[in-house]
Each structure stands twice: as C-alpha cells, then as structure tokens.
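So you know, we letter chains A, B, ... as the sequences are listed, proteins then strands, and number each from 1.
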Protein chains: 2
Amino acid sequence: MLKKSTLQYIAEKAKVSRMTVSRVFSGEKNVSKKTSEKIKKIAKRVGYHPNLIARSLSKRKSNTIGIFVPKTRHLFLDVYITQLLSGISDVTQEHDFRLMLFPIDYKKSESDLYLSIARSHLVDGIILIKTKIKDDGLEELKSIKFPFVLVNHRNNKYNFIDSNNIKGTKLAIEHLYNLGHRKIAFVSGSLDETNAIDRLNSYKRTMKKLNLPIKKEWIINGEFSKEKAYEESKKLFNQKDLPTAIFCSDDYMAIGVIERIKESGLSVPRDISVVGFDNIEISSYVNPPLTTVHQPISMIGEKAANLLIDLINEKKSPPIHELLDTQLVIRKSTSRMK
Amino acid sequence: MLKKSTLQYIAEKAKVSRMTVSRVFSGEKNVSKKTSEKIKKIAKRVGYHPNLIARSLSKRKSNTIGIFVPKTRHLFLDVYITQLLSGISDVTQEHDFRLMLFPIDYKKSESDLYLSIARSHLVDGIILIKTKIKDDGLEELKSIKFPFVLVNHRNNKYNFIDSNNIKGTKLAIEHLYNLGHRKIAFVSGSLDETNAIDRLNSYKRTMKKLNLPIKKEWIINGEFSKEKAYEESKKLFNQKDLPTAIFCSDDYMAIGVIERIKESGLSVPRDISVVGFDNIEISSYVNPPLTTVHQPISMIGEKAANLLIDLINEKKSPPIHELLDTQLVIRKSTSRMK
DNA sequence: CTGAAAGCGCTTACAG
DNA sequence: CTGAAAGCGCTTACAG
C-alpha cells in the first residue's frame, strides 16, 4: 500500500490546501471544476481513498449501524436472519450506512455488550434481533438516548418492528373454523418470547370470540422445538376427546406434530388438520405440504433500518412501533371437516 | 449520554494524566493497583467506555474484519452464509476482532467496493464469500498487500478455504459404483464457479478411473437451480440408453431431478439412484430422503477467520490454501442395482 | 472558491 | 509507576 495516501499527500501533489482536497471527497460543491478534476486524477493515480476512521472521529458519526443477532443452531433463525439482513442492507446501502454484526450468545447475559458498543462510537444506532424479555440493558440504552430498534420482540416502552402475530394467529384459527373445525388444539412456543405469548393469547381470544371451547388439555408447550412438540403432542392423543385441528406456533413444531399423528395411525388432514407459522422453506416440501402463516421478513428488516436511520437523524422520537401484516398460505395439511 | 465521557474527563476527576487512564483501559500492566481501581470506579460511575474510533485512528488498526457476502435469493446460500458467519464470529470474538458486513450484488461489478473498503482503514482484512471467477479487483487487492481470504472460490494465486469438492464428488461416484451402478449421469452447476467446475472434473476423472463410460448425453447443466435441473433432465430420459444413477452438483437440483423421474413414471431409488451435494436441511425431508455430500461449513468459517487473522498479524504469508474434507451422508435415494 | 488554525479522543515514543 | 508532547487523518468553524 502506498504509504502516503493521505489528504496531506494529495494536497501537496496538487498544490492546494488539505481543505480543498477534503471538500472534493466529502462531495462538497464549492470547488472549482478544474481543481476538483486535478485532485481526482492524482487521487486515482496513487490509489487514494479517504480514511473513514479519521472522518468518523472528526464528524463524531460512524455512519454505521450495529446488528445484534442471536447465535443459535436453529435453522429457521438462520434463514430469518439472512432475510432480515438482506432487507436491512438494502436500506442502509441506500443511505450510505455500513453494517457491523455482533453475533451474541443469549445464554450468557451480554447486555453489557450493547452498552459498551453504544458508548464506543463504533455505531450510530443498533438493531436488536430476538432479544429475550428481561434485559435491563435496554432500559439503560434508552436512558442514554442511544437509538435502537427491536425486531422479533414486542415491548411498548421501546421502538420495535415485528410481524403482527396476533392477527396472523387469528387468520389461522378462523381458517380452521371456516373449514368446520370446532375442536382446535394449540401448541405454544417458548413463553419467554413475546411472539409465543402473542400467539397464545390470540388463540385464546379468537376461540372465545368464535364461542369455541378452550380446554387446558388442548394447550401444550412445544418450546419452538420439533422434538419437544413431537414429545408433548402425545398428551393430545391420550384423551378421549380428540381435537380435529391443531395450530402450531411454528412450522418445525407442526412437522413434529404431524409425525406423531402419522405414528398414531391417523392421517393429516383427513383425521386432523394442522397449521404452522413462519412459512419456512421446508414447509412446502413435507408431506403433506403445510398450511402456514407467512411473515414478511425482509420487509421487517427494511422497516427496522429505515426507522433506525430516522431515529439517528432525529426525524422521529421513540417509542415508535409497527406491526406488519402476515399472510395465510393454504396448502394440503388442512381440509374441511367431514 | 454524558457529554464529557472521555479520557480527559476521567483523568481530571481522578487527578492523573490521560496516559494513565489510557493505560487502564488498554489493559496495560504498569499502573498501580490503587490508581487503577480509582479510575475504574469513576469510569463506571459516569458510564465511560473508550472511543474505539479514536483508538483505531491512533493505532492505525481497526480490529475489524470485513465480510463480503453475495446478495441472492437462494436459500441454500442463506443457510450457508449464516453457518459460515457463525464459524467466523466464534474465532473473531476470541481474538477481539469485530465484524463488518458488506452484502454485495454480484450482478453489478462491485470490485471497486473491495478496494475502497480496503483503503478506507475501516477493516484490517476481508473475507470474500463466493466471488465470481474473473474479478480483477482481487489482483489489485493482492498488489497493495491487503490481507484477504476467499471462501467458496478456489484460485491458487490467492488465499482460500473451501470444501474439497473433488474428493467429495469422488466419494459420491464411488458410492454409486459400489452399489453396482455403471451408467452414471451428471448434472452440473453454473460453470462460472470453481465449485461447479471441480465437481464436473472430478466426475470425469473418477468415471475414467473406474473405467466407466462418459457420455456427452449424460452430462447436463442445471446451473445450480432446481427448475433448470428439472427442465434439462428431460433430455436424460429421451434417450434409449438410460442412466441408472444421477449425480447432481447440489441438493436443489437433485430435488428437481427426482421430481422429473417421478413424473416419468419411474421410481427413486428402485429405477434410478440420485445423489446430491451440500446436505441442506430439506434434503432429509424430501421423499425419498436424499443421499448427499456434507460440507463442514462452520469449520470453513473458522479456518478462514483464523487464516485472515494470521495474515493480518503477518504470521503467515500468502498464498495459503486449505481444502476441508466432506462426508457422504447415505439416505434413501440410492440403492443397489438389481 | 480557497485556506490557516484548532480539534475529534485516543496512542506512541520518550523521559524520568 | 507516571506524564508532557506530538501525532493519527480527517472536519469544523472561521475568515477572506
């Protein structure tokens, strides 16, 4: 690398002040065309590019946003995260923001991490994906007025963008109702996540509204795990009064439940209809293809990035939230009651 | 945010020089325990954290690595990328390096981007995922001696870490051979990727070694797309001399080919055996579950990160390459010839 | 349209 | 173990 590729060097070569060179590269207008072209030519020849670290320091702005993503070995999350990143990056590129990634292990409490990164001046704002509910780091972030947006976690005290899990679940239950189902069981996700809680509450509320019975024995906890859902769903089939349909809070659990149903000698959807949530890729490959609720993931990423940039530029003030609509994708795992 | 959370401020409060405070936070030993504790206490009270941008500027080192990832809507890549990132971040966290993500659109030629980022001092080195073959930006990166590592792209002039596609393909072909297959067709990926080329060449070489016929009509190009593979594989079944086994250069294409076989009224594996490559999650869910070649993706990420950090610290000099072994995962899409 | 001075918040290289 | 001086490579805020 050329040692002297600095403003200073270019300025000497071009016989102008550093300020003039600085103006050329920060896109300021007030430079004569002639000077500007001379400077650009020299810069190109020596391979000059501004030192963005120095720029950040003097501007007190990094033009970078930090993204905290959970480290898990859960494949839905993998795809969820890349789609989110894709949405986020479309927006950040447009606004000339860079992306810093912080994969974090939520098993260890790393709320200190947000805070030190926020204070490090490395990033101007952060997006937190799938934060666990009780995290006092958030309160502190808020108190120092550092811009941040939550994704996949609803908390009215803070900014967040998420799918409308309540409406999504309602859609699914009503679909089953319209097919004639009255005995609808529910498989919940991990109840330390707002998503799981919203889906559970929406199930109860919708059932009540439709005057359908909510039986404790028809609600089991699959903790967002295929294996756990397979295991727990046994309870559903040990009863005299069998449900005719099962809503599962995610697709993986739906797959586990279908496996169990098949092993019980029953058939999906002939004997029991099953609905999932997420519309993961696999859901269209399993047998039968899964009816499920689709989340607009990359849109969530776009909205979150736009909101964060508005917060950074103080065009909006917290708390701001938005819930995006989901869509029901009807495949072969649900059918009309006979 | 407290306005005056700087070294200067802490130094005044603690009645020491800025240097002493600096020493405490850069982990230097030569500070008396008493002074050190006083400083830490004050820092904690006012919520001080070093300005890492300023540190980077004066140290001329960002302790950050850049990762260029392709923006595509190909779900295997999504999962591939997150697993890679997971491997990379395990290593970078350990070495106190941060991660900057640059999602790029390979349709536009963005080789300028690598170069400007390299020269911006934002990152100390970069990892390039799935670079297309003809990219003269790489040559320039090399000429300015900027540390970089390629992943999913083999080029002996540069540093790279990848799966051993040649051995992986050999494994698959030999598996078919051992099951009694002699007529083995090949579905290739996009031949502008070294992976696709390696798999094709290894197919030919292995067939030759086993004294099996290589027929032009048995080699089709599916361009790493399920739809394209489905389309092209028609040609395979319009012939008098049908292959009894088909090796596909990725799992998606294998799924497309199986679809075609079923539609032709034939059965997998009874009539035709099929092998894929990648071991994507879906491959265990399709019918029949796919025999395929597994790549050690997060290991590739770890190795790439370790290599890059060694290059940055000048513990190794380019070019350095490593190919990691793949594993054959035998499921139900292959069976013994009758 | 151009430039001289000061500053962003750290660390390096000395000196004691 | 501690500190004064200079510098990292830019931009801000003036002045002309």
Under 6.0 Å between ring centres, would you say that holds for A/Tyr48 and A/Phe25? yes
Of all the nucleotides listed ([options]), which has the minimum atom distance to the side chain of [X]?
X	options	value
B/Leu57	D/dT11, D/dC8, D/dT2	D/dC8
A/Thr6	D/dG3, D/dT11, D/dC10	D/dC10
A/Ser58	D/dG9, C/dG3, D/dG3	D/dG9
B/Pro50	D/dG9, D/dA13, C/dC10	C/dC10
B/Ser26	C/dG3, C/dT11, D/dC8	C/dT11

Phosphate OP1/OP2 of [N]: any [X] side-chain N/O under 4.0 Å:
X	N	value
A/Asn30	C/dC1	yes
A/Ser32	C/dT2	yes
B/Ser17	D/dG3	yes
A/Tyr48	D/dC10	yes
A/Thr20	C/dG3	yes
A/Thr35	C/dT2	yes
B/Arg55	C/dT11	yes

Whole-Å gap separating [atom2] ([N]) and [atom1] ([X]):
X	N	atom1	atom2	result
A/Leu7	C/dA5	CG	C1'	16 Å
B/Arg18	D/dC8	CZ	P	16 Å
B/Lys38	D/dC1	NZ	P	15 Å
B/Asn51	D/dC8	CG	P	18 Å
B/Ile53	D/dC10	CD1	P	14 Å
B/Lys61	C/dC10	NZ	P	19 Å
A/His121	C/dC10	NE2	P	8 Å
B/Leu122	D/dC8	CG	P	19 Å

Quick check for you: to the nearest 0.5 Å, what is the distance between [X] atom [atom1] and [Y] atom [atom2]?
X	Y	atom1	atom2	value
B/His121	A/Arg55	NE2	CZ	13.5 Å
B/Ile300	B/Ile127	CD1	CD1	11.5 Å
A/Ile297	A/Ile81	CD1	CD1	10.5 Å

In which stems does DNA chain C show up, taking only runs of three or more Watson-Crick or G-U wobble pairs whose two distances fall under 3.5 Å? C:1-3 with D:14-16, C:5-12 with D:5-12, C:14-16 with D:1-3
Quick check: on DNA chain C, is the nucleotide nearest A/Lys59 upstream (toward 5') of the one nearest B/Met19, or the reverse? Name the residue that is more 5'.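 Its nearest nucleotide lies further toward 5', so the answer is A/Lys59.
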Heavy-atom closest pair, residues A/Arg154 and A/Thr194: N-OG1, 3.0 Å
Over all heavy atoms of both residues, which pair between A/Val21 and A/Leu7 is shortest? Give the atoms and the distance, please.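 Reported closest heavy-atom pair: CG1-CD2, 3.2 Å.
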Is it the case that C/dG7 (base atoms only) and A/Arg60 (side chain only) share a donor and an acceptor within less than 3.5 Å, ignoring hydrogens and angles?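 Answer is no: no donor-acceptor pair is held.
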Any side-chain donor paired with an acceptor under 3.5 Å for B/Ser32 and B/Thr35?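 The criterion, which ignores hydrogens and geometry beyond distance, is satisfied for B/Thr35 and B/Ser32.
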Closest nucleotide of DNA chain D for B/Lys15 versus for A/Ala54: which of these residues is on the 5' side?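 Its nucleotide being nearer the 5' end, the pick is B/Lys15.
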Do the side chains of A/Ile65 and A/Val123 get nearer than 4.5 Å, heavy atoms only?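 Result no, sub-4.5 Å side-chain heavy-atom pair not found.
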